[in-house]
Student: 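Just passing along the structure, written as structure tokens.
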Amino acid sequence: MSIHDAIQVLARDLEGNLTGPGDPGWDEARQAWNLAVDQQPVAVVTAASVRDVQTVLRVGGAAGLRVAAQSTGHNASPMGDLTGTILLRLSELRGVRIDPSRRVALVEGGAQWADVTSAAAEHGLAALAGSSGDVGVAGYTLGGGVSWLARSHGLALNHVRAFEVVTADAEVRGVEAEHHPDLFWALRGGGGSFAVVTAIEFALFPIREVYAGALFFPLERAREVMNAWARWTGTVPDEVTSLGRLIRFPEIPELPPELSGKAFSVVEVATTLDPIAADDLLAPLRALGPADDTMAMIPVEQLDQLNMDPPAPVPIHADGWLQAELDAGAIEAVLSVAGPGVDSPLLTVDLRHLGGALTPGGGDGAIDGLPGAFLGFAIGVTPVPPAVPPVRAAVSALLEAVSPWRPEGMYLNFAEQPSDVSSFFDAATWARLREVKAAYDPHDLIRSNHPVPPL
Ligand SMILES: Cc1cc2nc3c(=O)[nH]c(=O)nc-3n(C[C@H](O)[C@H](O)[C@H](O)COP(=O)(O)OP(=O)(O)OC[C@H]3O[C@@H](n4cnc5c(N)ncnc54)[C@H](O)[C@@H]3O)c2cc1C
């Protein structure tokens with residue numbers, strides 16, 4: 001089938017929207033959450049049904065095109081410009097059903113975390129959601145899923161009960177431990193190369209409130225604060241998940257005056273411990289005398305405000321890394337690029353504490369935890385082209401500076417640049433992922449941001 005004929009068939013058969021270059025709404029249709037990414041697919045389909053997903057895979061395959069599923073475009077950057085590819089947006093498939101008796105959520109393939117956390121909270125239940133409410137459940141879960149409850153509950157993917165997917169042959173399949181166990185294994189950690197996910201069922205937890213907040217210190221105190229926080233992480237139980245960061249807020253009217261244009265070293269904490277026990281644990285950090293301390297009991301669904309992530313799409317250049325340990329030398333390496341006295345273009349450099357239930361072992365997906373003790377992520381905002389080179393240089397310099405402390409492996413969801421994906425996995429896992437890809441998508445129809453090629 002020619003590309004021209006494929007577009008005609010899609011226009012005839014789809015229930016959802018088909019947008020091509022030059023059509024009204026083209027720029028909006030092809031736009032990712034990361035506004036810096038310039039996606040130029042052959043066409044954009046916004047699916048209105050599972051049948052639409054089947055149609056796109058059937059017609060795209062027949063025309064020799066590729067198909068890239070995207071829920072939000074939070075991790076669109078590694079995918080490139082999408083030449084020869086239909087961009088399949090799941091963003092209209094956001095249905096959420098909560099079954100309180102079984103404590104599970106059944107969500108459609110384009111659901112975002114805020115859709116789930118608010119619905120679950122109505123039943124006193126919590127999901128292992130990401131730090132931003134507008135991150136897609138599917139993309140997040142296929143790569144791992146590090147939540148504010150991660151050290152007590154592990155990666156989100158360990159709690160998936162079942163997927164509904166459309167495979168490259170356009171068949172709808174129920175995927176769980178007993179049905180397509182090889183695909184069930186690969187979907188939990190191998191990313192989006194294997195099938196288009198149209199629904200996920202996963203466990204929820206009976207948590208209504210958490211004790212959470214941030215201790216703000218002036219950026220000038222970053223050395224003292226980051227060292228104290230890193231030592232403190234070695235003393236806390238698994239019920240405590242925390243993050244240490246260096247953040248430079250832009251001077252913009254949308255921010256409150258106490259943040260706008262100011263720079264901080266921040267420790268963010270979320271815990272299911274009661275506040276009295278948590279306050280005991282927090283004493284050494286509070287003894288440093290934070291300029292502000294927002295710790296409070298909050299409804300669990302409000303955890304998506306804790307990290308102060310951008311509330312709407314933004315143009316960014318970012319990348320992440322795993323950190324084996326955070327000793328004084330490693331902290332100096334981070335400070336040398338983004339610490340006080342450095343004219344850094346980075347909005348934020350975050351280090352999340354890992355370990356606890358995130359420690360690998362005992363699960364049955366392609367990954368079941370993350371190696372290393374910390375997970376780093378650096379972001380710079382790039383609203384205009386001249387902003388790109390300094391941010392790119394700062395992110396590269398940071399990755400170079402921390403390289404002596406990086407363990408083997410990588411967290412797929414925090415890899416924001418085109419990467420050698422084989423280096424994310426051990427050799428046996430990589431070989432098995434490629435076998436599963438060959439079994440379900442031998443012609444590499446499905447294009448993901450972190451591709452696993454068929455064997
Ligand atoms: C501001 C910000 C905050 C973040 N916070 C966290 C966090 O707290 N914890 C964490 O672990 N990660 C976090 N992330 C990383 C996030 O998990 C990844 O960016 C993830 O890929 C986002 O998934 P998405 O569906 O929103 O993005 P997309 O860019 O839409 O998807 C990424 C990839 O996932 C695959 N995919 C998406 N949907 C489907 C589908 N329905 N079927 C098949 N494949 C699909 C595709 O291969 C796609 O290329 C954050 C990222 C950002 C930018």
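We count ligands from 1, going down the list as the structure has it; atoms in each ligand are counted the same way.
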Student: Return all side-chain donor-acceptor pairs below 3.5 angstrom for residues 366-373, not counting sequence neighbours, or 'none' if the list is empty.
Tutor:
residue, atom, partner, partner atom, Å
D368, OD1, G361, N, 3.0
D368, OD2, G361, N, 3.2
D368, OD2, G362, N, 3.4
D368, OD2, G363, N, 2.7

Student: Under 3.5 Å, side chain of T72 to main-chain N/O of H74, donor-acceptor pair present?
Tutor: yes
Student: Are W113 and F202 an aromatic pair by the rule of ring centers under 6.0 Å?
Tutor: yes
Student: Select all protein residues for which some heavy-atom-to-ligand 1 distance is less than 4.0 Å, and list them by chain and number.
Tutor: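 If the criterion is a heavy atom under 4.0 Å, then ligand 1 touches W33, A69, Q70, S71, T72, G73, H74, N75, A76, M79, L90, G109, G130, S131, S132, V135, G136, A138, G139, Y140, L142, G145, V146, G192, A195, V196, V197, D309, R352, Y411, N413, F414, S448, N449.
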Student: Between W229 and F374, how do the two ring planes meet: parallel, tilted or perpendicular, split at 30° and 60°?
Tutor: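 The arrangement is perpendicular - the two ring planes meet at more than 60°.
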Student: Show, in sequence, the C-alpha distance, side-chain angles and deciding distance for H180 and F163, and conclude whether the ring-ring contact (aromatic ring centres under 6.0 Å, His included) test is met.
Tutor: CA-CA 10 Å; H180 306 289; F163 295 97; over 10 Å; no
Student: One thing to verify: whether R161 and E176 come together as a salt bridge, which I'm taking to mean a side-chain N less than 4.0 angstrom from a carboxylate O.
Tutor: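 Salt bridge absent between E176 and R161.
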